[in-house]
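Protein chains get the first letters and strands the later ones, always in sequence-line order, with residue 1 at the start of each. These figures come from a predicted structure and were not determined experimentally.
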Number of protein chains: 2
Amino acid sequence: MVAAIDYFKENGFKTFTALGEPNRLAIVELLREGELTVGQIADKLEMRQPQASKHLRVLSDNGLVEVTADANRRIYKINPEPFLTLESWLKTFKQQTEERYDKLDDYLKKIKNKKD
Amino acid sequence: MVAAIDYFKENGFKTFTALGEPNRLAIVELLREGELTVGQIADKLEMRQPQASKHLRVLSDNGLVEVTADANRRIYKINPEPFLTLESWLKTFKQQTEERYDKLDDYLKKIKNKKD
DNA sequence: ATAAAATATTCTATTGCAGGAATATTCCCC
DNA sequence: GGGGAATATTCCTGCAATAGAATATTTTAT
């Protein structure tokens, strides 16, 4: 877990870059409901097949989705791992923020006591 | 909460875009430890002041950080809200994925029973 | 073997974004 | 009020990313 988060701090921007494009985020939203072929994705999002393929390539290169071949077709689905890592990162994030507020609290209490 | 997530599905890519740049993610990492001025950020990350300002502008425009003026200086700190929204999104995400796996489980059990 | 379907890749043009250097703005101090 | 800090903004340039169109590749069906 910790190692994954350390890695994320260095390389996590790639995850964000991949998700930082409207069509790709839409693809991810779509794949949450289940796996889909390229054609299905292109249809539902009203984009041309090559663009769908290219966006899926980016998502795949960055580990956000996985492909399995079914004859002619490529079935794409979410790879949960980077999302779990992201969630862990956010948790340590929140934790740290809370710690800081606690320290601030302590500090303010001290100040107040001095005044009393 | 739900409204925030719906909004996120449409506009969340902006959050990702803002974080999808190494220097900006580094700034966010830095600000987790406490608020900092522009100069301090530029120093610690070994970047020139204008670049620091520009990255902070992007982060600010997308609501990831907040500024307060202290005379000459601008003090930047994390705005927790978008991170909390992101965390909520990831939670519904995981939930949905698990539901799908449960359904798959049920399906596989059915298949197996038929074979028996 | 050929045709058609599904997908990936390439090429090209355009746009957007990041860095560098210079400049503007605001504030403090003497 | 003049100089120096701290920060923001502007302009320019170069590079990376995106869309579109065309083409290549693989697989199935006949």
Report task. Report yes if at least one side-chain N or O of A/H55 is closer than 4.0 Å to OP1 or OP2 of D/dA17; otherwise report no. Result -> no

Query raised in the report: D/dA17 C1' sits how many Å from A/K54 NZ, rounded?
Result: 10 Å

Query - Spacing between A/L19 atom CG and D/dA17 atom P, to the nearest angstrom - result: 15 Å

Report task. Assess whether one donor atom and one acceptor atom, taken from the side chain of A/Q49 and the base of C/dA6, lie less than 3.5 Å apart. Result -> no

Query raised in the report: Of B/I27, B/I75, B/L30, B/D43, which meets side-chain contact (heavy atoms from CB on, under 4.5 Å) against B/L36?
Result: B/L30

Query raised in the report: Counting just side-chain N and O atoms, does A/R57 come under 4.0 Å of either OP1 or OP2 of C/dA8?
Result: no

Query raised in the report: If you check every side-chain atom of A/P50, which of D/dT7, D/dA21, D/dA5 has the closest atom?
Result: D/dA21

Query - Nearest-Å distance for atom pair CZ/P, residues A/R73 and D/dT28 - result: 11 Å

Report summary line: A/R24 atom CZ is separated from D/dA17 atom P, nearest whole Å, by 9 Å

Query raised in the report: Does B/T37 place a side-chain N or O at less than 4.0 Å from the phosphate oxygens OP1/OP2 of D/dT7?
Result: yes

Query - Whole-Å gap separating C1' (D/dT26) and CZ (A/R74) - result: 7 Å

Query raised in the report: C/dA18 base to B/E21 side chain: any donor-acceptor pair below 3.5 Å?
Result: no

Query raised in the report: Any sub-3.5 Å donor-acceptor pair from A/R24's side-chain atoms to A/H55's backbone N or O?
Result: no

Report summary line: Rounded to the nearest 0.5 angstrom, the CD-CD distance for B/E81 and B/E66 is 9.5 Å

Report task. Check the distance between C/dG20's P and B/M47's CE and give it to me in whole angstrom. Result -> 10 Å

**Report entry** For atom CG of A/N72 and atom C1' of D/dA29, their distance in whole Å
**Finding:** 11 Å

Query raised in the report: Do B/S53 and B/R74 have side-chain N/O donor and acceptor atoms under 3.5 Å apart?
Result: no

Requested in this report: Could you tell me whether A/F8 and A/F16 have their ring centroids closer than 6.0 angstrom?
Outcome: yes

Query raised in the report: Quick one: B/N23 CG to C/dG19 C1', roughly how many Å, whole number?
Result: 10 Å

Query raised in the report: Does A/Y76 place a side-chain N or O at less than 4.0 Å from the phosphate oxygens OP1/OP2 of C/dA6?
Result: no

